[in-house]
Structure formats: C-alpha cells, structure tokens
Enquirer: 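Take a look at this one; I'll ask things after.
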There are 2 protein chains.
Amino acid sequence: MQLAAHPHQPDYSPRQNAVLDSALRLLVDGGEKALTTAGVARAANCSKESLYKWFGDRDGLLSAMIGYQASKVRTFEDNAEALTADTLREHLVLFARDLLEVLAGDVSLALNRLAIGQASREGSKLGSMLQERGRRQVGKRAGALLEAGRNAGLLAFDDRDEAYDTLYGLIVSDLHLRMLLGEDSGRMAKDFGRRAERAVSAFLRLYGREKGSVEP
Amino acid sequence: MQLAAHPHQPDYSPRQNAVLDSALRLLVDGGEKALTTAGVARAANCSKESLYKWFGDRDGLLSAMIGYQASKVRTFEDNAEALTADTLREHLVLFARDLLEVLAGDVSLALNRLAIGQASREGSKLGSMLQERGRRQVGKRAGALLEAGRNAGLLAFDDRDEAYDTLYGLIVSDLHLRMLLGEDSGRMAKDFGRRAERAVSAFLRLYGREKGSVEP
DNA sequence: CATTCACAGTACCGTACGGTACGGTTCGCT
DNA sequence: AGCGAACCGTACCGTACGGTACTGTGAATG
C-alpha cells in the first residue's frame with residue numbers, strides 16, 4: 001500500500017508502470033470486462049499501438065499488471081528479535097491482520113478474479129504467477145516467523161508447511177472466497193482485528209508450547 | 001454426484017434440464033469464454049430462440065445453471081444417532097472428505113470461476129446464489145453435526161458459526177482458491193483423506209471435551 | 001384434413017473488441 | 001536545420017458474440 005522507497009523496475013520503464021497503474025485502476029473498478037485495450041489506452045493517455053509494442057498482446061498486458069502489482073506489495077521482513085511468548089503472539093497477530101488486509105484489498109481481489117477467470121484456458125500462467133508472487137512471498141514471512149518461534153522453543157511442529165497451512169486456514173477460512181464472490185469486503189473489514197486474535201489464539205493452542213493460554 | 005431417485009424439477013422441464021446439462025459440460029471443459037449461446041444451442045441440439053424463450057437472456061441461463069447444479073448436489077442429511085467421541089470424529093472426517101471432494105469437483109470449480117468472474121458487475125446475484133445454495137447447505141449439515149456433538153457433551157463452543165468457520169478453515173485452508181487458480185486438483189485429490197484427518201484432529205483438539213486425543 | 005403449438009435450424013443485425021496501419025507531433029541528437 | 005526515434009490519436013479491419021426474426025417440420029388436437 002505504501003512504499004516507493006527505492007526505484008524498482010526490473011521489468012518496465014516508469015512510463016509503462018504508469019500505464020500499468022491506470023490499467024489496474026481500470027480493472028479494479030470495472031472488472032475484467034472493462035479492461036479493454038482501447039480503455040486502457042484512453043485512461044493512460046497512450047496509444048494502443050504503444051500498448052502492443054510494449055506488452056505484445058492483451059495477455060502480455062495482464063501478466064505485466066500482475067508482475068507490477070506484485071513488485072509493489074513486497075512484504076517487509078520483520079526481523080524477529082528475541083522472541084517471547086508475548087512477542088511471538090504479537091507478531092503472529094500482526095501477520096494475520098496484514099494478511100487479511102492484503103487479501104481484502106481491491107487490487108488484490110480484482111487480480112485474483114482476473115486470474116481465476118483465465119484459469120480455465122490452458123496456457124494461462126496468471127494463476128501460478130499470482131500464487132508464486134503472492135502467497136509464496138507472504139508465506140516466506142510467516143515461515144520465518146514460525147521457524148523463529150520453534151527455535152525459541154515456543155512452537156512445536158514437524159512440518160513447517162503444514163503448520164503454515166493450518167495458520168492460514170485459521171486466519172482466512174473461506175473469507176477470501178466470499179470476498180471474491182462479491183460479499184461486501186468493507187463491511188467485514190472491521191472484524192479483522194478480532195478475527196486475527198481468534199485465529200492466532202487457536203493456532204497457539206494447537207502448536208504452542210506454553211500451557212497457559214488466554215481463556216475467556 | 002449420484003442420485004436421481006425422485007424427480008425433482010421445481011424449476012424446469014426435463015428437456016430444459018438436459019439443455020442445462022449440456023451447458024454445464026460446455027462450461028466445465030471450456031471455461032466461460034466457451035459458453036456462448038450459439039455453442040450451447042449446438043451442443044444441446046436446440047435453437048437459440050428456445051434458449052431465450054426459456055431463460056430470458058444469457059444471465060438467466062447462468063442463473064439457471066447454478067440453480068440446477070445446486071439442486072443436483074443436495075447434501076444428504078446424516079441423521080446422527082447416539083454420538084460417541086469416535087462416531088463424532090468419524091462423522092466429522094466423513095464431512096471433511098465430502099466437502100473437499102465437492103469443492104474439487106470440476107463442475108463446482110467451473111461454476112465458482114464463473115460466479116467470481118461475474119462478481120465485479122453490479123447486479124450479479126450469482127455469487128450470493130452460489131454462497132446461499134452451496135455453503136449454506138453444507139453448513140447446515142456441519143452445523144447439525146456440531147450441535148449434536150455439543151449436546152452429547154463432546155464439543156464445547158459458544159458460537160456455532162464461529163466453530164464452523166474454524167472447522168472449514170482447518171479443512172480447506174487455501175486449497176479451494178489454489179484449485180480455482182488452476183492448480184491441478186487431481187494431483188492433490190489423493191491427500192484428501194489425510195487432510196481430512198488432520199483437520200478434524202486439530203478441530204477436536206480445539207473444541208473437543210475429551211482430554212485424550214490421538215497423538216503421534 | 002386443417003389448425004395450432006413447440007421447436008430446430010439458420011440467416012441476420014448491431015455492436016464491441018483485439019489487433020494493425022497511418023498521419024502528425026514532440027524531443028533528442030548530430 | 002535536418003533527421004530519426006518514440007509516441008499519441010484516430011481511423012480502420014476482421015471477427016465473434018448476444019439477441020432477434022424467419023422458415024420449416026413434426027406432433028398433437030379439433
């Protein structure tokens with residue numbers, strides 16, 4: 001959401017990034033159907049010919065949009081200091097809230113809808129791109145957190161991926177899908193804090209080594 | 001998947017149901033883009049004019065497809081007999097496996113993709129239809145199961161919906177979304193059994209009243 | 001047999017979109 | 001000044017799709 005600290009264009013020029021921004025905005029508040037080449041060109045004040053020169057074809061544009069957005073939301077590494085039970089919980093709750101807010105973001109929702117829509121066609125790499133750049137990134141942060149918790153003797157698990165899968169499920173459940181299906185995400189955004197607390201509490205009850213947990 | 005026991009067409013004639021079947025098949029192995037009115041008419045050996053007479057317009061056809069499919073997968077009520085810790089666990093595992101298999105079904109995936117694709121447009125009721133007919137149905141079965149478990153003194157929870165949300169998250173996590181994004185669902189179908197066991201074990205550790213649980 | 005109904009098949013229309021081509025303009029370089 | 005690259009704006013083309021109208025046909029109904 002924030003950050004434009006260092007210039008990061010491994011792929012495209014600033015001008016092209018601006019075009020991708022316009023395209024993303026168009027996608028967000030119009031859906032895929034609104035994302036026409038002519039529409040993008042008009043919204044970005046560029047010519048269709050340039051679009052095709054830069055991105056090849058429409059699918060190339062879509063891929064570029066995903067790559068661009070992924071490069072923007074690079075998750076910050078929270079370097080775990082000395083972990084206690086409380087700080088671990090704190091970090092986990094923070095992670096959970098961040099995750100929920102990312103998933104509920106309109107750009108994220110729009111891109112996921114787009115990729116899902118393309119998933120039926122064969123060659124579509126969009127799904128795996130989102131998967132790779134999105135979840136894998138977030139998963140790395142969570143994985144590091146879990147690993148640190150285990151090293152500090154606060155968590156107990158054999159398979160880190162399995163533990164992360166559990167954590168993810170506890171946090172998100174089917175909320176993401178419901179939002180993708182159109183359920184008003186703003187209305188439920190208020191509960192993210194509570195939901196994050198709940199999920200982390202449950203996760204710690206499952207994987208935590210402290211016996212004392214918070215109970216009502 | 002099975003069952004054609006009693007004739008159940010609250011909505012459409014057999015002929016029309018056959019057309020909807022063709023449309024579903026078309027959707028499954030071609031995606032939304034392949035689902036053209038001409039294509040449906042050709043596949044079902046009917047005329048476009050009849051399609052429009054029966055279903056109004058393309059959106060009507062989509063709605064009818066969802067309603068028709070929902071009427072087919074009506075979940076059976078497993079009337080819970082006297083519950084013990086073991087039978088409860090058994091029922092939960094069975095539920096979890098059924099849930100995973102339904103979600104992994106190609107018709108389910110195709111319809112979810114369709115509804116998600118339409119979710120951006122305003123008037124689209126498809127998302128809520130799927131939500132209502134799909135999850136709510138399944139949720140009723142799970143809810144009854146959870147309630148029975150609580151009444152038998154085997155489960156402890158205050159909010160049934162919250163407990164169900166947790167159960168759902170433990171079972172599914174982001175698997176559904178990954179499949180919607182195109183990850184090969186057949187490859188992971190083999191793990192459904194193990195996954196169901198894991199999820200139910202975790203759920204019982206969270207909400208079960210028996211202190212003795214299975215441990216490795 | 002005549003009439004009507006439901007439907008298939010097909011031709012048709014308007015439109016919207018992906019992709020291409022071209023004229024005109026700006027800007028940097030020599 | 002001259003030149004060329006990049007690029008905008010627009011016009012254009014082919015096609016595909018949603019939706020409508022028309023014709024033919026077979027089966028029921030009187």
Side-chain angles (χ1 to χ4, degrees), chain A residues 9 11-66 110 113-115 117-118 120-126, chain B residues 9 11-66 110 113-115 117-118 120-126:
Chain A
Q9 48 279 44
D11 295 329
Y12 296 108
S13 79
R15 170 67 174 136
Q16 289 161 10
N17 283 343
V19 170
L20 292 177
D21 256 327
S22 298
L24 280 175
R25 175 131 60 187
L26 215 55
L27 175 67
V28 162
D29 48 43
E32 179 182 3
K33 184 186 160 187
L35 196 71
T36 69
T37 55
V40 172
R42 201 178 326 114
N45 287 328
C46 75
S47 71
K48 282 173 66 175
E49 194 170 23
S50 301
L51 286 183
Y52 282 95
K53 168 178 277 189
W54 294 334
F55 306 109
D57 59 359
R58 189 173 184 270
D59 284 349
L61 175 64
L62 301 185
S63 303
M65 287 166 64
I66 290 184
R113 292 201 186 102
L114 178 65
Q118 303 272 327
S120 40
R121 313 207 212 323
E122 286 309 315
S124 173
K125 296 268 297 167
L126 299 189
Chain B
Q9 47 279 44
D11 295 329
Y12 296 109
S13 79
R15 171 66 174 136
Q16 290 160 9
N17 284 343
V19 170
L20 293 177
D21 257 325
S22 298
L24 280 175
R25 175 131 61 188
L26 214 56
L27 176 68
V28 162
D29 46 43
E32 180 182 2
K33 184 186 160 187
L35 195 72
T36 69
T37 56
V40 172
R42 202 179 325 114
N45 287 328
C46 76
S47 71
K48 283 173 66 175
E49 194 170 23
S50 300
L51 286 182
Y52 282 95
K53 168 179 276 189
W54 294 334
F55 306 109
D57 59 0
R58 189 172 184 272
D59 285 349
L61 175 64
L62 301 184
S63 303
M65 288 167 64
I66 290 183
R113 291 200 186 102
L114 179 65
Q118 302 273 328
S120 41
R121 310 206 214 323
E122 286 307 315
S124 173
K125 297 268 298 168
L126 299 189

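Side-chain atoms are counted along with the backbone in the values below, which use heavy atoms only and exclude waters and symmetry mates. Convention: sequence-line order gives letters A, B, ...; per-chain numbering from 1.
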Enquirer: Could you tell me whether A:R58 atom CZ has more than 12 heavy atoms of other residues or ligands within 6.0 Å of it?
Expert: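 Yes.
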
Enquirer: Compare every heavy atom of B:L51 with every heavy atom of B:V19, then report the nearest pair and how far apart it is.
Expert: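 Heavy-atom minimum between the residues: CG1-CD2, 3.7 Å.
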
Enquirer: Report yes if the side chains of A:L62 and A:L35 come closer than 4.5 Å at any heavy-atom pair, otherwise no.
Expert: yes

Enquirer: Which heavy-atom pair separates A:S22 from A:A43 by the least distance, and what is that distance?
Expert: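 The answer is OG-O, 3.9 Å.
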
Enquirer: Hey, what do you get for OG1 (A:T36) to CZ (A:R42), rounding to the nearest 0.5 Å?
Expert: 6.0 Å

Enquirer: Can you check each nucleotide of nucleotides 4-22 of chain C against protein heavy atoms at under 4.0 Å and return B for base, S for sugar-phosphate only, - for none, in 5' to 3' order?
Expert: ---SBB-------SBBBBB

